[in-house]
2 protein chains.
Amino acid sequence: MTRYSRQTRMLVAVDCIIFGFDGQDLKLLLIKRGFEPEKGKWSLMGGFVQADEDLEQAAARTLTKLTGLEGVYMEQLTAFGSPDRDPMERTLSVAYFALIDINQYKQQITDEYKAEWFPLKEAPKLIFDHANMVAEAQARLRYKAAIHPLLFELLPTRFTIPQLQILFEAVYDAGFDKRNFSRKVLSTGLLVKQKEKERATSKRGAFYYKLDKRKYSAKFHAFLNFVSDPGNLK
Amino acid sequence: MTRYSRQTRMLVAVDCIIFGFDGQDLKLLLIKRGFEPEKGKWSLMGGFVQADEDLEQAAARTLTKLTGLEGVYMEQLTAFGSPDRDPMERTLSVAYFALIDINQYKQQITDEYKAEWFPLKEAPKLIFDHANMVAEAQARLRYKAAIHPLLFELLPTRFTIPQLQILFEAVYDAGFDKRNFSRKVLSTGLLVKQKEKERATSKRGAFYYKLDKRKYSAKFHAFLNFVSDPGNLK
DNA sequence: AACTTTAAATGTCATTTTTACAATTATATT
DNA sequence: AATATAATTGTAAAAATGACATTTAAAGTT
């Protein structure tokens, strides 16, 4: 077989928008880029798609390289393809966003780049169109988390209802009523109450919960209505 | 500036999943592919992204070339990037799905390919991974149309409630209660009742409605809940 | 041991939304 | 004038939501 004639070939990259939650703020994992152009500037973690890889593989490889983690929640955000988004040469980027339990994160032993967590609101200036990617990823996160049980991916296996609420409030930059929030969350039937309590934050202590894995996978794509009108909060 | 060294460059294409509605069935616009490989086989309308184009431009150009239509509703579905999805050479495809008013469609005067509408259920075998693209597009359509006022894009400017209901029933392959359906639709406040009736289908005739354009754009991204549990229908 | 403090957990009521289900109306045709 | 057909409208029970306050567990203090 021959090739398609007279067509433009271009580089294809993946870039990962990696969200984490430290118990207080929603955070973004960024790196100092290790090569030209824009070497030393803050950037999303990315890499070129290799000849034998599909996009998911490239994204998973990139994520693992930075965090050491595997089996992380990740989904394709969208493809960014402005002709001049990379000044060096035309590069299409397929953006993926990932949600990780920040406590499981272990900085990779490498000198290629330095990685750092930034509160989403205090992220530095980013190269290329990466700020757009982050903005779109945040919008997607808010969208999906309002109707699907997504944010659990940001928490450890055991978590308390108050911790979960703080997470939701960080994501939506809004406050929720304690009573209604816990009722809503518990009514999904996804949570299993544990015997132990978390005792660090309060005198009384809050019961830990775990996800019911069966129900979680079954209802992951169902419409669960965690946040009523996410476009119209505060 | 130099170029990134030792990386694989590849072709980037766009493919359009074009949905239409003829008043009865949800349909898909397909073409007979005009060049090798797989010349003469049924395929989605697509084309290569040009050197000076971004992805949206390429998709819009492709759609206009086939349908003669501009300003059509279109959104990026996802990027498909298996290394061997095109046997000729590695080609990434960014899929877009489009919703058009089938009545406005005018077959383009061209010999490059023949285009034809197929009921979604009776679509022929497609080349490459195009069947996957269609399946994903249908899933996305069902997903979005359940919570956003999307399906209006498939109807003419004037339409009746019964017509709208037939469309929803075609999309979800399910039946809905007439009374609840019309109440739900009217409660969005998006519809403006017209004075004229549609008289072809029934003796009594059904009133035409039009979209309130202001409210439509304002509420396009709001959560409107047209279909309660689309994942769990008949 | 009793008291204080702090955050977790739980309860109620009014309102809105959803669901299930049936009767009435407009108009062309007979 | 009667009939047939599809459009339109109504209603009551159940479920979900939103606004709001009190009780409870446990550590720390007196």
Side-chain angles (χ1 to χ4, degrees), chain A residues 23-24 146-147 149 155 158-169 172 174-210 219 222-234, chain B residues 23-24 146-147 149 155 158-169 172 174-210 219 222-234:
Chain A
Q24 213 57 44
I147 47 183
L155 293 173
R158 297 195 311 172
F159 54 87
T160 68
I161 307 280
Q163 285 170 356
L164 184 63
Q165 180 164 356
I166 292 171
L167 171 54
F168 269 87
E169 293 180 338
Y172 293 99
F176 299 101
D177 181 89
K178 271 194 296 188
R179 297 154 285 190
N180 294 338
F181 180 82
S182 80
R183 185 182 34 178
K184 202 170 242 188
V185 168
L186 291 173
S187 75
T188 63
L190 297 176
L191 301 190
V192 183
K193 195 172 189 171
Q194 304 301 114
K195 289 172 185 170
E196 303 78 39
K197 282 185 169 182
E198 190 274 330
R199 305 204 161 276
T201 4
S202 77
K203 292 169 183 172
R204 179 172 176 177
F207 280 103
Y208 280 116
Y209 286 82
K210 283 187 181 177
K219 291 193 177 179
F223 287 69
L224 288 180
N225 218 31
F226 287 94
V227 180
S228 50
D229 191 357
N232 195 28
L233 285 176
K234 272 193 185 176
Chain B
Q24 211 57 45
I147 47 183
L155 294 172
R158 296 195 311 172
F159 55 87
T160 68
I161 307 281
Q163 285 170 355
L164 184 63
Q165 180 164 357
I166 292 170
L167 171 54
F168 269 86
E169 293 180 337
Y172 293 98
F176 299 102
D177 182 89
K178 274 193 295 188
R179 295 155 285 190
N180 294 338
F181 180 82
S182 79
R183 180 154 37 88
K184 201 170 242 188
V185 167
L186 292 172
S187 74
T188 63
L190 297 176
L191 301 190
V192 184
K193 195 172 190 171
Q194 303 301 112
K195 289 172 184 169
E196 303 79 40
K197 280 184 170 182
E198 190 274 332
R199 303 202 164 277
T201 359
S202 77
K203 292 169 182 171
R204 179 171 176 177
F207 280 104
Y208 280 116
Y209 286 82
K210 283 186 180 177
K219 290 193 178 178
F223 287 69
L224 289 179
N225 218 31
F226 287 94
V227 180
S228 50
D229 191 357
N232 197 27
L233 288 175
K234 292 180 197 174

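These numbers come from the heavy atoms of this one structure, side chains and all, not from hydrogens, waters or symmetry mates. In the text below, chain A, chain B and the rest are named by the order of the sequence lines, each starting its count at 1.
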Starting at atom [atom1] of [X], determine the distance to atom [atom2] of [N], rounded to an integer number of angstrom.
X        : N      : atom1 : atom2 : value
A:Lys197 : D:dT24 : NZ    : P     : 13 Å
B:Lys178 : D:dT5  : NZ    : P     : 13 Å
A:Glu196 : C:dA8  : CD    : P     : 18 Å
A:Gln165 : C:dA7  : CD    : P     : 14 Å
A:Leu224 : D:dA16 : CG    : P     : 12 Å
B:Phe159 : D:dA7  : CZ    : P     : 15 Å
B:Tyr208 : D:dT8  : OH    : P     : 12 Å
B:Glu198 : D:dA7  : CD    : P     : 8 Å

- request: Check B:Phe226 against B:Lys184 and note the closest heavy-atom contact, atom names and distance.
  value: O-CD, 3.4 Å
task: Measure across A:Asn180 and A:Asp177 and return the closest heavy-atom pair with its distance rounded to 0.1 Å.
output: N-OD2, 3.0 Å
Nearest to the side chain of [X], heavy atoms from C-beta on, is which of [options]?
X        : options                : value
A:Lys203 : C:dA8, C:dT27, C:dT5   : C:dT5
A:Asn180 : D:dT8, C:dA8, D:dG18   : D:dG18
B:Ala206 : D:dT8, D:dA19, C:dT27  : D:dT8
A:Arg179 : C:dA28, C:dT10, D:dT8  : C:dT10
B:Lys184 : C:dT19, C:dT27, D:dA26 : C:dT19
B:Arg199 : C:dA20, C:dA28, D:dA19 : C:dA28

Using a cut-off of strictly less than 4.0 Å, decide whether [X] has a side-chain nitrogen or oxygen near OP1 or OP2 of [N].
X        : N      : value
B:Ser182 : D:dT9  : no
A:Lys193 : C:dA9  : no
B:Thr160 : D:dA7  : no
B:Asn225 : C:dT18 : yes

statement: Rounded to the nearest 0.5 angstrom, the OH-CG distance for B:Tyr209 and B:Leu190 is 13.0 Å
message: Between the base of D:dG18 and the side chain of A:Arg183, is one N or O donor paired with an acceptor at under 3.5 angstrom?
response: yes
field: Under-3.5 Å donor-acceptor pair between B:Arg204 side chain and D:dT5 base
entry: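 Under the 3.5 Å cut-off, the side chain and the base do not form any donor-acceptor pair.
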- prompt: Hey, is the main chain of A:Phe176 close enough, under 3.5 Å, to the side chain of A:Glu169 for a donor-acceptor pair?
  reply: yes
message: For B:Lys210, I'd like to know if atom NZ has over 12 heavy atoms of other residues, nucleotides or ligands within 6.0 Å.
response: no
message: Counting neighbours of NZ on B:Lys219 that are heavy atoms of other residues, nucleotides or ligands and sit closer than 6.0 Å, is the number greater than 12?
response: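 Atom NZ in B:Lys219 is crowded, with more than 12 foreign heavy atoms closer than 6.0 Å.
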- request: Between A:Ser202 and A:Asp177, just flag the one whose closest nucleotide in DNA chain D comes earlier from the 5' side.
  value: A:Asp177
